Number of protein chains: 2
Amino acid sequence: MNRDSRLSSVLHVLLHMAHSDQPLTSGQLASYLSTNPVLVRRVLANLRELGYVSASKGHGGGWVISCDLNEVTLHDIYTAVGAPTVFAMGNRVEHPECLVEQAVNSALNEAFLEAEALLVARLSTISLADLSTDFNRRYIVQHKGHAHV
Amino acid sequence: MNRDSRLSSVLHVLLHMAHSDQPLTSGQLASYLSTNPVLVRRVLANLRELGYVSASKGHGGGWVISCDLNEVTLHDIYTAVGAPTVFAMGNRVEHPECLVEQAVNSALNEAFLEAEALLVARLSTISLADLSTDFNRRYIVQHKGHAHV
DNA sequence: GGTTCATGTAACTAACGATATTACATTTGA
DNA sequence: TCAAATGTAATATCGTTAGTTACATGAACC
């Protein structure tokens, strides 16, 4: 199956933007992801409409974060990129009159909805600032005590 | 995304088999799913290799359940059909050296693994017999008290 | 024995969605 | 004015599930 990596991608570039003191172009961000600048502009366009980032054109332009990292959670970003389908599995076409299918779908749906609720709850507890803190911790470890600005 | 419905499908036909007193052909089972007999044979072949069902050829042949409904859980069936990918989302190609990606992937992976663990736990608590019981309950409700055999 | 009905399985096609690419208009700053 | 950047549409690529066709094999019934 072709897994949707937009959430992972956009978090990746957001964190790069959070640790840059100047705008980053879609070309630079794309190189971090080993992908195409158009994809970056496309996925960041969703965040721009919600005010999480802003873009400027022309020389010295690019993308900057325009929100409080403490206020935005991974669930907010998940929603911003279009709340992609969580599960790669699902029911077949519904045949509402088939009692067998009703019994099966009822059991599966309950299990999937519980798992999705837990996932959403977890994503809601993690802010972009938490990710940034974790990055700084990793940076300090790798550079033996010298903190990243 | 193209959602995998093999688990749902196979549970559906298993329950039909559980409530039939004679073998059901792949053609009959396919009509319950509005699909093709070959697909049914393909997905049931996995269960046959594990002894959950057995098939007989020729006149009067078809598929029957050959396991104890109380002993087999939805997780067993999930495993039998190949343990399909649970989530439709995932990380991009890994760049192990990028600390930003490490921080993002760490947070996402933890959330996804927790949700998957809950899903597996739920599927493990539901037996085929539970589904059968639920079907009978629905049957009685619809037929105003006359139980299905 | 021969016919019919069923599974077993390989090979191929179709459909779908995420990703990737190309192209070009628009805006901005030096 | 020119170069650099976004904005966006149109299109191609790729991988996976689902669906189809074809045919070999085996079993039951006459």
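Just so it is clear, the structure is predicted and the values come from calculations on it, not from any experiment. Per chain, numbering begins at 1; letters A, B, ... match sequence-line order.
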Review point. Checking B:Glu114 side chain against B:Ala111 main chain: does a donor-acceptor pair fall under 3.5 Å?
Key: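 No, B:Glu114 side chain to B:Ala111 backbone: no donor-acceptor pair under 3.5 Å.
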
Check your understanding: For A:Ala103, does its backbone N or O pair with a side-chain atom of A:Ser106 as donor and acceptor, under 3.5 Å?
Key ->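 Not a single qualifying donor-acceptor pair exists.
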
Review point. In chain order, what residues pass the ring-ring contact (aromatic ring centres under 6.0 Å, His included) check against B:His16, with sequence neighbours excluded?
Key: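 B:His12, B:Tyr32.
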
Review point. In terms of ring plane angle, is the pair B:Tyr139 and B:His143 parallel, tilted or perpendicular, where the classes change at 30° and 60°?
Key: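 Rings of B:Tyr139 and B:His143: parallel, under 30°.
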
Review point. By a strict heavy-atom criterion of less than 4.0 Å, which residues belonging to residues 6-16 of chain A are in contact with DNA chain D?
Key: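 Listed by number, there are none.
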
[atom1] of [X] versus [atom2] of [N]: gap in Å, rounded?
X: B:Glu49; N: C:dG8; atom1: CD; atom2: C1'; result: 11 Å
X: B:Asn91; N: C:dA18; atom1: CG; atom2: C1'; result: 16 Å
X: A:Leu39; N: D:dA9; atom1: CG; atom2: P; result: 15 Å
X: B:Leu47; N: C:dT7; atom1: CG; atom2: P; result: 14 Å
X: A:Arg3; N: C:dA20; atom1: CZ; atom2: P; result: 15 Å
X: A:Asp4; N: C:dA20; atom1: CG; atom2: P; result: 12 Å
X: A:Met89; N: D:dA18; atom1: CE; atom2: C1'; result: 17 Å
X: A:Arg92; N: C:dA15; atom1: CZ; atom2: C1'; result: 14 Å

On the nucleotide [N], are OP1 or OP2 found under 4.0 Å from the side-chain N or O atoms that [X] carries?
X: B:Arg41; N: C:dT7; answer: yes
X: A:Arg48; N: D:dG7; answer: yes
X: A:Arg42; N: C:dT21; answer: no

Let me have the donor-acceptor pairs involving side chains of residues 51-64 of chain B, under 3.5 Å, with sequence neighbours excluded, atom names and distances please.
| residue | atom | partner | partner atom | Å |
| --- | --- | --- | --- | --- |
| B:Ser56 | OG | B:Gly62 | N | 3.4 |

Point to revise | Point-to-point distance, once rounded to the nearest 0.5 Å, from CG of A:Leu11 to CG of A:Leu128 | key: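 Between A:Leu11 CG and A:Leu128 CG, I get 7.0 Å after rounding to 0.5 Å.
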
Review point. Hey, what do you get for CD1 (B:Ile65) to CG (B:Leu47), rounding to the nearest 0.5 Å?
Key: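 These two atoms lie 9.0 Å from each other.
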
Check your understanding: Where is the tightest heavy-atom contact between B:Phe87 and A:Phe87, given as atom of each residue plus distance?
Key ->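 Closest pair (atom of B:Phe87, atom of A:Phe87, distance): CE2-CE2, 3.7 Å.
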
Review point. For residues 35-51 of chain B, which residue pairs qualify under side chain to side chain donor-acceptor pair (under 3.5 Å), counting only residues two or more places apart or in two chains?
Key: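 Every side chain to side chain donor-acceptor pair (under 3.5 Å) pair that includes a residue of residues 35-51 of chain B, provided the two are not neighbours, is B:Ser26-B:Arg41.
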
Check your understanding: In terms of side-chain heavy atoms of A:Val38, which of D:dT20, C:dT21, D:dG7 is nearest?
Key ->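 Looking only at heavy atoms from C-beta outward on A:Val38, the closest nucleotide is C:dT21.
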
Practice item. Determine, step by step, whether A:Leu131 and A:Leu74 satisfy the side chain to side chain contact (heavy atoms under 4.5 Å, CB included) criterion, reporting the C-alpha distance in whole Å, the side-chain angles of both residues, the deciding distance to 0.1 Å, and the verdict. Key: CA-CA 9 Å; A:Leu131 289 189; A:Leu74 301 200; 3.7 Å; yes

Point to revise | B:Asn136 and B:Thr133 side chains, donor-acceptor separation under 3.5 Å | key: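 Checked: B:Thr133/B:Asn136 side chains show no N/O donor-acceptor pair below 3.5 Å.
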
Scan nucleotides 28-30 of chain C against the protein and return all N/O pairs shorter than 3.5 Å with their distances rounded to 0.1 Å.
none

Review point. Got a sec? Which of residues 26-36 of chain B come in under 4.0 Å of DNA chain C, heavy atoms?
Key: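 Residues of residues 26-36 of chain B under 4.0 Å from DNA chain C: B:Ser26.
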
**Study point:** Test side chain to side chain contact (heavy atoms under 4.5 Å, CB included) applied to B:Ser132 and B:His19, step by step
**Key:** CA-CA 8 Å; B:Ser132 177; B:His19 288 272; 2.9 Å; yes

